[in-house]
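A, B, ... follow the sequence lines: proteins, then strands. Residue 1 opens every chain. Here the structure is a predicted model, which is why all the values come from computation and not from measurement.
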There are 2 protein chains.
Amino acid sequence: MPPEKNTPTPAEWKVLKLLFDLGPSAARDLIAAAERAHGWSASTVKTLLRRLTDKGHVEAQAVGSSFLYRATRPAHRAFRDEADRLLANSAPGALGPLLQYLVKKSRLSKDELDELRALIDAQREERER
Amino acid sequence: MPPEKNTPTPAEWKVLKLLFDLGPSAARDLIAAAERAHGWSASTVKTLLRRLTDKGHVEAQAVGSSFLYRATRPAHRAFRDEADRLLANSAPGALGPLLQYLVKKSRLSKDELDELRALIDAQREERER
DNA sequence: GCCACTCGTCTACATTTGTAGACCGACCGA
DNA sequence: TCGGTCGGTCTACAAATGTAGACGAGTGGC
């Protein structure tokens, strides 16, 4: 079980994603981005930011009289947690097709494909033994 | 965009998963399973079942004076929709590692690994051209 | 024919989520 | 120094969600 307990809600995820994209940011930038991306009002973003910090997904570092917001865990960790939730639900047999679908859809670069293939080969080895 | 709009809530997912595991079932079995799995009362399961049918995830086929509940879409489709939500959030660069993590963690069978590998090879081909 | 039991429907209610206004203090430019 | 602006906190409130009791109709067994 990861330390993160309250997973972000969908709306919170959107803010989190903005934070990942922008990197540590001041409120004004997040608000602007959210306005552009989702048409949200400033208040909405502020509330979500507060809830995210309450839940521990975001950290508000005091800078002068305001804050610099940053995600407490790197993007890949956050996505991994999401992926875990997916696995937790998935039935055993359904996993293969699911991964195939993901690989197909996610249009990895050649390098990424190579890495993935290497990983798969390694796993196949294991199955041999 | 899949036809399914209102995605199931976490609690609804749990019921859906039971349905996938048990196959089309009568209320009593679902209730029993949910009681065992989550300690839920009968009412709770009934409500979730109703909401699932409202949302179109579950279909209640009249049999005698009661219903036989079945998922409207096969498990793999449902999981696929979940996976799509994951992809929708994920940043481009993060995808490779994410898939690696999934493959590693999901302990596929040899056959599944083979299929996945074949798929990857096909994708690599494409990258060539 | 009566009764316990099942089911499905209605209703309920606390909590969480989505969305946002009001207000207040700090800071900056004029 | 005065007024605007920016950011943060408080408060609000409708909708969705989690969880469940109450009730009434059908039914299988006796």
Separation of [X] atom [atom1] from [N] atom [atom2], in whole Å?
X	N	atom1	atom2	answer
A:L16	C:dT17	CG	C1'	16 Å
B:L49	C:dC10	CG	P	15 Å
A:R28	C:dC28	CZ	C1'	13 Å
B:L68	C:dT6	CG	P	18 Å
A:L30	D:dG8	CG	C1'	14 Å
B:I31	C:dG8	CD1	P	7 Å

**Those residues that, when tested against B:R70, pass side chain to side chain donor-acceptor pair (under 3.5 Å) (two or more places apart)** =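 Scan of B:R70 (side chain to side chain donor-acceptor pair (under 3.5 Å), adjacent residues dropped) gives B:Q61.
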
**Complete:** Of the listed C:dG8, D:dG8, D:dC6, the closest approach to the A:Y69 side chain comes from D:dG8

**Request:** Sugar-phosphate means primed atoms, P, OP1 and OP2; the rest is base. With that split, encode nucleotides 15-30 of chain D 5' to 3' as B, S or - using protein heavy atoms under 4.0 Å.
**Result:** --SBBBBB---SS---

Look at [X] together with [Y] and state whether they make a salt bridge at an N to O cut-off of under 4.0 Å.
X	Y	answer
B:K110	B:D114	yes
B:R124	B:D121	yes
B:R85	B:D81	no

**Prompt:** Using the ring of each side chain (for Trp, its six-membered ring), is B:F20 parallel, tilted or perpendicular to B:F79, with breaks at 30° and 60°?
**Reply:**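 Judged by the thresholds at 30° and 60°, the geometry between B:F20 and B:F79 is tilted.
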
**Prompt:** Would a distance-only check, ignoring hydrogens and angles, find a side-chain to backbone donor-acceptor pair under 3.5 Å from A:R77 to A:T72?
**Reply:** no

